[in-house]
Protein chains: 2
Amino acid sequence: MQIGEASAASGVSAKMIRYYEDIGLIPSATRKDSGYRLYVEPDVHRLRFIHRARELGFPVERIRDLLRLWNDRKRPSREVKKLAAQYIAELEAQITRMQGLRDTLKHLADACDGDSRPHCPILHDLAGTHK
Amino acid sequence: MQIGEASAASGVSAKMIRYYEDIGLIPSATRKDSGYRLYVEPDVHRLRFIHRARELGFPVERIRDLLRLWNDRKRPSREVKKLAAQYIAELEAQITRMQGLRDTLKHLADACDGDSRPHCPILHDLAGTHK
DNA sequence: ATAGACCTTCCAACGATGGTAAGGTCAAGC
DNA sequence: GCTTGACCTTACCATCGTTGGAAGGTCTAT
């Protein structure tokens, strides 16, 4: 099948399939005489794997590791779990940080009258005039 | 004062000060005969405002709006509060999304033995073989 | 033969920041 | 006056993942 069909079947845009090939995340596709890329079912399977991992937010470089483990039928599940745990920890850290931002902004917004008067604790805080 | 001092006083790197000038977030600095940029206290104040807003995660384009409101002494606080509320809602959405990712990964990791055996629900899910 | 759907490569952009290179300026010390 | 070193200038390149476009080649059906 050509790249368009592989794209539709995997959920990965043709653009991104070429990109993944470019950065070596997937092997170079075989080509027809015309230069068109050709794919078979296992290729689509791998693309679906990548698509799902991206949906889960794994950065591409981590997907490289996941693919390596996926291809190794004898790998210990310990290694996969470790990668997942690392990523979970990163997510936790980012969530905590964003919750902090949200809380700070909420406090400022709560203290802001939000009426037609110009006084506003939000801008006041941003201006750093309280320090 | 020169850009280095303005940078140290505001917490914004010299690099970013030039960038902000480039994208029109701040007005073009006056120059010495040598071409060196010159700053005065109100400039530093504005840079601190930007710095704090970036710390709070405001994207630069939103800071543009905030600066406009900040410069308008007669603006109703309602407008500022509205901007903040929008950003808070975006934060909430992002937090919720990341929590979803984290929970999904946690469930998968919990179901993974994490031992030397190769079976692993994490890769199994990524492969989409359950669908 | 021609239309139109598909494919190819290459280039640019996004947002915010860091880095580097090649060069100009300025103040202090000798 | 000359050198040193800290500071400044512009102009690129890289990041990360993705999208868009341009200019052109290929295939299929009419």
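Being a predicted model, the structure only gives us computed values, none of them experimental. Within every chain, numbering begins at 1; the chains are lettered A, B, ... in the order of the sequence lines, protein sequences first and strands thereafter.
What separates CG of B/Asp33 from P of C/dT25 is a distance of 10 Å, to the nearest Å. If you measure from atom CZ of A/Arg62 to atom C1' of D/dG17, you get 16 Å, rounded to the nearest angstrom. Between B/Leu25 atom CG and C/dT17 atom P the separation is 11 Å, expressed in whole Å. Atom CE in A/Met16 sits about 13 Å away from atom C1' in D/dG20, given to the nearest Å. Rounded to whole angstrom, the span from the OH atom of A/Tyr20 across to the C1' atom of D/dC16 amounts to 11 Å. In this structure, A/Arg64 atom CZ and D/dC16 atom P are separated by 11 Å, rounded to whole Å.
Residue pairs meeting the side chain to side chain donor-acceptor pair (under 3.5 Å) criterion with at least one member in residues 11-23 of chain B, sequence neighbours excluded, are B/Glu21-B/Arg37. Contacts classified as side chain to side chain donor-acceptor pair (under 3.5 Å) and involving residues 62-71 of chain A (residues at least two apart or in different chains) are given here: A/Glu61-A/Arg64, A/Arg62-A/Gln86, A/Arg62-A/Glu90.
Pairing each heavy atom of B/Leu56 with each of A/Leu126, the nearest pair is CD1-CD2, 3.9 Å.
The shortest distance between the side-chain N/O atoms of B/Ser13 and the OP1/OP2 oxygens of C/dG18 is below 4.0 Å. Contact between the side-chain N/O atoms of A/Tyr19 and the OP1/OP2 oxygens of D/dT19 is not found at any separation under 4.0 Å.
Using a 4.0 Å heavy-atom cutoff across all strands shown, A/Phe58 reaches no nucleic acid atom at all.
The CD1 atom of A/Ile26 sits 11.5 Å away from atom CD1 of A/Ile63, with the distance rounded to the nearest 0.5 Å.
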Can you give me every donor-acceptor pair (side chain of residues 1-9 of chain B, partner residue at least two apart or in another chain, under 3.5 Å) with its distance?
| unit_1 | atom_1 | unit_2 | atom_2 | d |
| --- | --- | --- | --- | --- |
| B/Gln2 | OE1 | B/Lys32 | NZ | 3.3 |
| B/Ser7 | OG | B/Val12 | O | 2.7 |

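If B/Pro59 and B/Lys32 are placed on DNA chain C by their nearest nucleotide, the residue sitting closer to the 5' end is B/Pro59.
Among D/dT19, C/dA16, D/dG17, the nucleotide with an atom closest to any side-chain atom of A/Arg54 is D/dG17.
With sequence neighbours excluded, the residues satisfying side-chain hydrogen bond (donor to acceptor under 3.5 Å, both in side chains) with A/Ser77 are B/Asp115. Listed by chain and number, the residues in a side-chain hydrogen bond (donor to acceptor under 3.5 Å, both in side chains) with A/Asp113 are A/Arg117 (sequence neighbours excluded).
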* Classify every nucleotide of nucleotides 3-15 of chain D by which part a protein heavy atom approaches to under 4.0 Å, writing B for the base, S for the sugar-phosphate alone and - for neither, in 5'-to-3' order. => ----BSBBB----
